[in-house]
Enquirer: 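Here it is, the structure in full.
What you see is a predicted model, and the numbers here were worked out from it, not measured in a lab.
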Amino acid sequence: MLRQLKEAGRERISREWDWLARPGQKAPGGDWRIWLMMAGRGFGKTRAGAEWVRGIAEAHPGARIALVGATLGEARRVMVEGASGLLAVAPWWCRPVFAPALRKLTWPNGAVATLFGAAEPESLRGPQFSHGWADEIAKWPFALGAWDNLMMAMRLGKRPRVMATTTPRPVALVRRLVADGDVIVTRGRTADNRANLAEGFVEAMERSYGGTRLGRQELDGELIEEVEGALWSRDLIERCRVAHVPGGPDGTALHRVVVAVDPPASAHGDACGIVVAGVGGDGRAYVIADASVEGCSPEQWARAVAAAALVHGADKVVAEANNGGAMVESVLRAADAMLPVKLVHASRGKVARAEPVAALYEAGRVAHRGAFARLEDEMCGLLAGGGYVGPGRSPDRADALVWALTELMLGRRGEARVRGL
């Protein structure tokens, strides 16, 4: 098609955003008022925002557009003059005139955009607009005040609209917008824009940060919130993360390895938690694998347990036996007759069992070798004093983790007692 077009036609289509954009970068249809694009770094949020503003300005001569960055300088540097800013995406035949002193861009048809900084929320009092682009709202100072003033200024035209672009962070403004059912939310990952990033960048970032809290937030575009009253916090787990298990005095990395199993209650029930952990030569416990499986029959999850024990050279398989202990042992033996199985019985609830294990993390006696996103989500959903607010109906992976670390680090000392003399 491009070969059949003349030079002017090829240039025209090279600037046509509907043709260039990925689906996740295009404005949603329908009658919306606020569109939140929450995605990883390098996804193309700035380009999408600039192209949306450009489309509004070119189609509506009477458009009055607010451009709000974290600071006035950042609004100019990124939203207007940046590599993906408004001046860069504008074609020569419809290029706006930028007047820095007036903080204004004016298009040939009369549409006007004005720059603001969230650091000065009161500057948004007085003006009124038909459209707005709010960039990197998660890093705005005085975010709630600036946002509220912006929304109160959206009173021109038949259908005022605001687009917000940001890398997710669990700040109050982002949480408010995500929880608002009337806000259209678009999500995306850094890897979605792989074709436009430096070669090897995505792979390098995933090797370094994949699965960590930082990687899930900055690369995968996930909004990861702390749960008030949780036994584990994200910051605590990050402090307990290592890339490798250090070798002991005799050169052995792990002196003892266990595979812990939290079997599902039914034949095709919830996930079967399977977690592998070991004790290093430094006396610290290391979580080295989450081999949990979902939607499996007893025979299938038992084979997954046997495979994990074989791969990691486990000394023991610890399995919770509250739900059919004989059945649990029999299916494990059927999968591998030589499995060193130890059945454990829960006399306390999941949270009560988890509390002394969480204390091991606080004391720096446990580390995660690498990242285990789904396991860590469950850990951060267990509440002190009872309760679970994490993903899924039950913290199966976290419960398996607790059994593994109890076996390795607490043993019979799992229940602390105080005796008067």
Enquirer: Closest heavy-atom contact between Ala83 and Ala88?
Expert: O-CB, 3.3 Å
Enquirer: Measuring only between side-chain heavy atoms, which start at C-beta, is Arg397 closer than 4.5 Å to Arg374?
Expert: yes
Enquirer: Is the shortest distance from a Lys or Arg side-chain nitrogen in Asp396 or Lys350 to a carboxylate oxygen in the other one below 4.0 Å?
Expert: no
Enquirer: Decide if atom CH2 of Trp92 counts as having more than 12 heavy atoms of other residues, nucleotides or ligands within a radius under 6.0 Å.
Expert: no
Enquirer: Do the rings of His131 and Trp52 sit parallel, tilted or perpendicular, given the 30° and 60° boundaries?
Expert: perpendicular
Enquirer: Quick one: do Arg47 and Glu51 make a salt bridge, cutoff under 4.0 Å?
Expert: yes
Enquirer: A side-chain contact here means heavy atoms from C-beta on lying under 4.5 Å apart; do Val279 and Tyr286 qualify?
Expert: no
Enquirer: Pro264 and Cys272: which non-hydrogen atoms are nearest, and at how many Å?
Expert: CD-CB, 3.5 Å
Enquirer: Under a 4.0 Å threshold between the charged nitrogen and the carboxylate oxygen, would Arg234 count as salt-bridged to Glu238?
Expert: no
Enquirer: Could you measure the distance from the CD1 atom of Ile274 to the CG atom of Leu375? Nearest 0.5 Å is fine.
Expert: 12.5 Å
Enquirer: Does Met205 offer a backbone N or O that forms a donor-acceptor pair with the side chain of Ser208 under 3.5 Å?
Expert: no
Enquirer: When you check the side-chain N and O atoms of Arg22 and Asn193, is any donor under 3.5 Å from an acceptor?
Expert: yes
Enquirer: Do Phe129 and Ile65 come within less than 4.5 Å of each other through their side chains, counting heavy atoms only?
Expert: no
Enquirer: Taking the side chain from Lys45 and the backbone from Gly40, do they hold a donor-acceptor pair closer than 3.5 Å?
Expert: yes
Enquirer: Walk me through whether Arg54 and Glu58 qualify under salt bridge (charged side-chain N to carboxylate O under 4.0 Å, His left out).
Expert: CA-CA 6 Å; Arg54 172 196 160 197; Glu58 293 181 3; 2.9 Å; yes
Enquirer: Rounded to the nearest 0.5 Å, what's the gap from NE2 on His312 to CD1 on Ile288? Could you check?
Expert: 5.0 Å
Enquirer: Less than 4.5 Å apart, side chain to side chain, heavy atoms only: is that true for Leu36 and Ile137?
Expert: yes
Enquirer: Measuring from Lys104:NZ to Phe98:CZ, what's the distance to the nearest 0.5 Å?
Expert: 11.5 Å
Enquirer: Regarding Arg159 and Asp31, does a basic nitrogen lie under 4.0 Å from an acidic carboxylate oxygen?
Expert: yes
Enquirer: Side chains of Glu407 and Lys316, heavy atoms from C-beta outward: is any pair under 4.5 Å?
Expert: yes
Enquirer: Got a donor-acceptor contact below 3.5 angstrom from the Lys26 side chain to the Asp18 backbone?
Expert: yes
Enquirer: Would Val344 and Lys342 satisfy side-chain contact (heavy atoms from CB on, under 4.5 Å), going step by step from the backbone distance to the final call?
Expert: CA-CA 7 Å; Val344 290; Lys342 174 183 177 180; 4.1 Å; yes
Enquirer: Compare every heavy atom of Ala75 with every heavy atom of Leu115, then report the nearest pair and how far apart it is.
Expert: CD2-C, 4.0 Å
Enquirer: Got a second to check how far Thr71's OG1 is from Glu74's CD, nearest 0.5 Å?
Expert: 5.0 Å
Enquirer: Give the intermediate values and the outcome of side-chain contact (heavy atoms from CB on, under 4.5 Å) for residues Tyr388 and Glu378.
Expert: CA-CA 8 Å; Tyr388 175 64; Glu378 290 188 5; 3.3 Å; yes
Enquirer: Should we count NZ of Lys139 as having more than 12 external heavy atoms under 6.0 Å?
Expert: no
Enquirer: Once rounded to the nearest 0.5 Å, what's the spacing between atom CD of Glu136 and atom OG1 of Thr166?
Expert: 4.5 Å
Enquirer: Between CG of Leu219 and OG1 of Thr190, what distance do you get to the nearest 0.5 Å?
Expert: 4.5 Å
Enquirer: State, with a plain yes or no, whether a side-chain heavy atom of Glu206 is found less than 4.5 Å away from one of Val202.
Expert: yes
Enquirer: Between Asn149 (side chain) and Pro121 (backbone), is there a donor-acceptor pair under 3.5 Å?
Expert: yes
Enquirer: So which heavy atom on Gly386 is nearest to which on Val351, and how close?
Expert: N-CG1, 3.6 Å
Enquirer: Return yes when atom CD of Glu199 has more than 12 non-hydrogen atoms of other residues, nucleotides or ligands closer than 6.0 Å, and no otherwise.
Expert: no
Enquirer: Could you tell me whether the side chains of Glu320 and His345 share a donor-acceptor contact shorter than 3.5 Å?
Expert: no
Enquirer: Under 3.5 Å, is there a donor on one side chain and an acceptor on the other for Tyr361 and His368?
Expert: yes
Enquirer: Could you check whether Asp290 and Ser292, counting side-chain N and O atoms only, form a donor-acceptor pair closer than 3.5 Å?
Expert: yes
Enquirer: Do any N or O atoms from the side chain of Asp220 and from the backbone of Glu222 form a donor-acceptor pair under 3.5 angstrom?
Expert: no
Enquirer: Is there a salt bridge (charged side-chain N to carboxylate O under 4.0 Å, His left out) between Arg353 and Asp399 once you walk through the steps?
Expert: CA-CA 8 Å; Arg353 295 197 303 273; Asp399 207 29; 2.6 Å; yes
Enquirer: Please find the pair of heavy atoms, one from Arg241 and one from Ala371, that lie closest to each other, and give the distance.
Expert: NH1-CA, 3.1 Å
Enquirer: Is there a side-chain contact between Met79 and Leu87 in this structure, where contact means two heavy atoms from C-beta onward sitting under 4.5 Å apart?
Expert: no
Enquirer: Distance to the ring centre below 6.0 angstrom and angle to the axis at most 45 degrees; does that hold for Arg189 and Phe43?
Expert: no
Enquirer: Are there over 12 heavy-atom neighbours, none belonging to Arg125, within less than 6.0 Å of that residue's CZ?
Expert: no
Enquirer: Which pair of non-hydrogen atoms, one from Ala304 and one from Val293, has the smallest distance, and what is that distance?
Expert: CB-CG1, 3.9 Å
Enquirer: Report the C-alpha separation of Leu401 and Phe372 in whole Å, then their side-chain angles, then the decisive distance to 0.1 Å, and conclude whether the side-chain contact (heavy atoms from CB on, under 4.5 Å) test is met.
Expert: CA-CA 11 Å; Leu401 169 101; Phe372 311 102; over 6 Å; no
Enquirer: Is there a donor-acceptor contact under 3.5 Å from the side chain of Ser130 to the main chain of Arg64?
Expert: yes
Enquirer: Of Arg41, Arg169, Arg213, which meets salt bridge (Lys or Arg N to Asp or Glu O under 4.0 Å) against Glu218?
Expert: Arg41
Enquirer: Find out whether the Lys NZ or Arg CZ of Arg161 is both under 6.0 angstrom from the six-membered ring centre of Trp35 and within 45° of the ring's axis.
Expert: no
Enquirer: Salt bridge between Arg256 and Asp315, side-chain N to carboxylate O under 4.0 Å?
Expert: no
